[in-house]
Amino acid sequence: MPAMALTEKQLRFLRGKAHALRPVVMLGNKGLTDNVVAETAQALRDHELIKVRVRAADRAQRDGLLAALVARTESTLVVRIGHVAVLYRAATPLPRLVLPDAQV
């Protein structure tokens, strides 16, 4: 299942909601392990919108780790600023966060 395509208005809405959040997942020196993927998937199931902190010095390495995490958790990267990224995955069957222009 591919990641959801979000409009700019929806991304702005999610960035605003994520502003006050603290990182709940930390990617450390061991990189992207199965446990980190499982914890991220569980956090996305529980909260829909989470922050992830990546402890990699190299920008390309951070981008690679985040891309792999997004793909393995089937989530959407909302924004990445420095070492912190915001991920979103709508809860199924009923999302708790109602995005603008996404009401059915």
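The structure displayed is predicted, hence computed values, not measured ones.
Going from atom NE2 of His19 over to atom CG of Leu14 covers 15.0 Å, rounded to the nearest 0.5 Å. Rounding to the nearest 0.5 angstrom, the gap separating the CD atom in Gln10 from the CG atom in Leu97 is 11.5 Å. Rounding to the nearest 0.5 Å gives a distance of 4.5 Å between OG1 of Thr73 and CG of Leu69. With rounding to the nearest 0.5 Å, the separation of CZ in Arg22 from NZ in Lys51 is 8.5 Å. Taken from CZ in Phe13 to CG in Asp101, the straight-line distance is 11.0 Å, to the nearest 0.5 Å. The distance from atom CZ of Arg45 to atom OG1 of Thr92, rounded to the nearest 0.5 Å, is 9.0 Å.
For Arg96, the CZ atom sits in a packed shell: over 12 heavy atoms of surrounding residues, nucleotides or ligands are nearer than 6.0 Å. Crowding of Arg15 atom CZ: a count of heavy atoms from other residues, nucleotides or ligands under 6.0 Å exceeding 12. The environment of CG in Asp58 is crowded: more than 12 heavy-atom neighbours from other residues, nucleotides or ligands sit within 6.0 Å.
Between the side chain of Arg89 and the main chain of Ala41, a donor-acceptor pair closer than 3.5 Å is present. Judged by distance alone, the side chain of Glu39 and the main-chain N or O of Val36 form no donor-acceptor pair under 3.5 Å.
Placement of Ile81 and Leu49 within a single hydrophobic cluster is found when ILVMFWY residues are connected by side-chain heavy-atom separations under 4.5 Å, directly or transitively. Using a 4.5 Å cut-off between side-chain heavy atoms of Ile, Leu, Val, Met, Phe, Trp and Tyr, with links allowed through other members, Val70 and Val84 fall into different hydrophobic clusters.
A side-chain donor-acceptor contact under 3.5 Å links Gln42 and Asp46.
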Steps toward side chain to side chain contact (heavy atoms under 4.5 Å, CB included) verdict (Leu6, Thr76)
CA-CA 8 Å; Leu6 298 172; Thr76 302; 3.8 Å; yes
In sequence, state the C-alpha distance, the side-chain angles, and the governing distance for Arg55 and Arg53, and then conclude on side chain to side chain contact (heavy atoms under 4.5 Å, CB included).
CA-CA 7 Å; Arg55 291 300 206 40; Arg53 179 175 298 278; 4.0 Å; yes
Pair Val86-Leu21, side chain to side chain contact (heavy atoms under 4.5 Å, CB included): steps then yes or no
CA-CA 9 Å; Val86 176; Leu21 298 178; 5.7 Å; no
Report the C-alpha separation of Ile50 and Tyr88 in whole Å, then their side-chain angles, then the decisive distance to 0.1 Å, and conclude whether the side chain to side chain contact (heavy atoms under 4.5 Å, CB included) test is met.
CA-CA 7 Å; Ile50 63 168; Tyr88 171 75; over 6 Å; no
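For Leu77 against Ala85, the heavy-atom pair with the smallest separation is CD1-CB, 3.8 Å. The two residues Arg62 and Val54 make their nearest non-hydrogen contact at CG-CG1, 3.7 Å. Contact record, Pro100 with Lys9: CB-CE, 3.9 Å, taken as the closest heavy-atom pair. Residues Arg80 and Arg59 share a closest heavy-atom pair of NH2-NE, 3.6 Å. Residues Ser75 and Leu87 approach most closely at OG-CD1, 4.0 Å, considering heavy atoms.
Residues Lys17 and Glu48 are not paired through a salt bridge, judged by the lack of any N-O separation under 4.0 Å between the basic side chain and the carboxylate.
Counting only heavy atoms from C-beta outward, the side chains of Leu11 and Val79 never approach each other to under 4.5 Å.
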